[in-house]
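Quick caveat, the model's predicted, so the values are computed rather than measured. Ligands are counted one by one from 1 in listed order, and the atoms in each one are counted from 1 as well.
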Amino acid sequence: MRTDAETIKLTVADKSWTFELRSGSEGPDVIDIGSLYDKTGMFAYDPGFTSTASCESAVTFIDGDEGVLRYRGYNIDQLVKQRSYTDVCYLLLNGELPELEQSKEFESHITYHTLVHEQMSHFFRGFRRDAHPMAIMTGVVGALSAFYHDSTDITDPQQRQVASMRLIAKVPTLAAMAYKYSVGQPFVFPKNDLDYSANFLRMCFAVPSEDYASDPVLARAIDRIFMLHADHEQNASTSVVRSAGSSGANPFACIAAGIACLWGPAHGGANEAVLKMLESIETPDNIPSFIERAKKKDDIFRVMGFGHRVYKNYDPRANIMRETCHEVLDHLGIHNHPLFEIALELERRALSEEYFISKRLYPNIDFYSGITLRALGFPTNMFTVLFAVARTVGWVAQWNEMIDDPKRKIARPRQLYTGSQERHI
Ligand code: CMC
């Protein structure tokens, strides 16, 4: 960490101004340009925030060149192998891993918030049966603010804590309801003697006419998938949650905004797009022509599940996802899964192509997640919903961090105006 204040000089024509350099605990230094406009009368221009840190955060660290992802200092692979999703939730929210008693108490708190207000089930009936479950999620998560008035005052830390627990607990219940609604089956209530992930699978796949036995291997797989997706520093949807929250909007509305952003195919919608892509390839013989198309400069076509704004190395989540995919397929006795074979071959071929090597395009988490989720029994349109379930804790942790930040300001970017100058009718 830098201790002495260093500065950087900006010179335009014969004028110079100095700006402070700041260091975090890890990662690149930043130039503090908060006073740029006051000092120079100029704005910084950075569409897509490719070089801009929008906030200070102590939640998640990514080193995209080295392929490192850490939640509160812990490497993702250690967390996934040694802890549960609810422990990771505790870590993201509180900054420390829970002791055994804290872990049990936290899980119990979450468990007792999983039921949703009964009247919410009427909301679902207003949607068409063929509505995309992400459309439903955007609506019903926002609607939580119409039901839980006692946890919408963001100036009250106690209310914020209750809202955080409610979101982490109720989003899976709503996600399962969205799925059940789409397949015309009755909603399944949460069951308090099951852990978070086993409960979620049961709410999705149990039917009243049969006993449902939880499969610990599949529950563990979904728990891992949730851990891998739990947070990812200032990605598009998290930035949206922070922006929405910066105006003082209530947490349910902010998380609904995050869900809407996540839906896009360049973000959380990529896992759905990957599966459609693998199906469209049909056979490994078609991979070369497929790759050739992705390389064409004048074609917007891309290999979905490849490339990342931050990772210029293998996405560390993709490795664990590939292992999890293997485990699930083995456990279910699915050998030579055609889409998995296509994915492995597509990865092998792409990684040997100069185009992908020079642009540092590697598989990201979504490349293998769709095949795993399909094997677990989820239809394609539920994939992004599962991402939203897992990411809710990250959004909530980042939202709380923002509210607690004494330097919080409403997010209000400026622009480089290129429209007409004043004219008269
Ligand atoms: N296939 C082919 N070419 C690609 C791909 C791809 N998947 N991704 C990037 N490129 C090329 C792109 O055409 C560009 O080439 P050029 O320099 O010649 O114009 C170059 O690589 C840089 O791409 P970019 O779009 O400027 O990079 P970005 O950082 O703005 O975009 C991305 C990152 C993830 C949106 C992009 O890689 C992409 O669209 N990937 C496919 C969608 C996907 O898998 N998204 C999931 C992201 S991980 C989950 C999450 O965090 O939400």
Fill in the blank from the handout: Closest non-hydrogen contact found for S237 with H267 is OG-NE2, 2.9 Å

Report the relative orientation of the aromatic rings in [X] and [Y]; use parallel for angles under 30°, tilted for 30 to 60°, perpendicular for over 60°.
X: F147; Y: H117; result: tilted
X: Y148; Y: F252; result: tilted
X: Y368; Y: F340; result: perpendicular

Interfacing atoms of ligand 1 (cut-off 4.0 Å, heavy-atom, [X]):
X: F306; result: 6 (C), 7 (N), 8 (N), 37 (O), 40 (N), 41 (C), 44 (O)
X: Y355; result: 2 (C), 3 (N), 4 (C), 11 (C), 13 (O)
X: A270; result: 43 (C), 44 (O), 45 (N), 46 (C)
X: G305; result: 43 (C), 44 (O)
X: A266; result: 45 (N), 46 (C), 47 (C)
X: D366; result: 46 (C), 48 (S), 49 (C)

Problem - Heavy-atom side-chain proximity of D405 to C55 below 4.5 angstrom - result: no

Exercise for the section: Would you kindly say whether H132 and E272 are connected by a side-chain donor-acceptor distance under 3.5 Å? Expected result: yes

Problem - Modelled atom types, side-chain donor and acceptor of S151 and R166, under 3.5 Å - result: yes

Practice task
Scan the protein's non-hydrogen atoms and note whether one is under 4.0 Å from atom 27 (O) of ligand 1.
Solution key: no

Problem - atom 46 (C) of ligand 1 protein-contacted (non-hydrogen atom, under 4.0 angstrom) - result: yes

Practice task
Apply the side-chain hydrogen bond (donor to acceptor under 3.5 Å, both in side chains) test between R160 and each candidate in T155, D404, T152; give the one that qualifies.
Solution key: D404

If you measure every N/O of [X] against every N/O of ligand 1, is any gap under 3.5 Å?
X: F301; answer: no
X: H232; answer: no
X: V303; answer: yes
X: F356; answer: no
X: I365; answer: no

Practice task
Answer yes or no for L361: is there a heavy-atom contact with ligand 1 below 4.0 Å?
Solution key: yes

Practice task
Give a yes/no on ligand 1: does K297 have at least one heavy atom closer than 4.0 angstrom to it?
Solution key: yes

Exercise for the section: Kindly check if the number of other-residue, nucleotide or ligand heavy atoms within 6.0 Å of CG (L36) is above 12? Expected result: yes

Practice task
Of the side chain and backbone of F367, name the one, both, or neither that has a heavy atom under 4.0 Å from an atom of ligand 1.
Solution key: neither

Fill in the blank from the handout: atom 20 (C) of ligand 1: of H267, R391, K359, R360, the nearest heavy atom sits on K359

Exercise for the section: Counting heavy atoms only, name the option from R302, H308, R309 that's nearest to atom 25 (O) of ligand 1. Expected result: R302

Problem - OH-CG distance between Y90 and L97, expressed to the nearest 0.5 angstrom - result: 9.5 Å

Exercise for the section: Give the residue and atom name of whichever protein heavy atom lies nearest to atom 34 (C) of ligand 1, and the separation in Å to one decimal. Expected result: G307 O, 3.7 Å

Practice task
Among all protein heavy atoms, pick the one closest to atom 42 (C) of ligand 1 and tell me residue, atom and distance.
Solution key: M304 CE, 3.4 Å

Exercise for the section: Answer yes or no: is there a donor N or O on one side and an acceptor on the other, between the side chain of K170 and the main chain of H113, under 3.5 Å? Expected result: yes

Handout entry: The single option from T114, V389, L386 passing side-chain contact (heavy atoms from CB on, under 4.5 Å) against P172
Key = V389

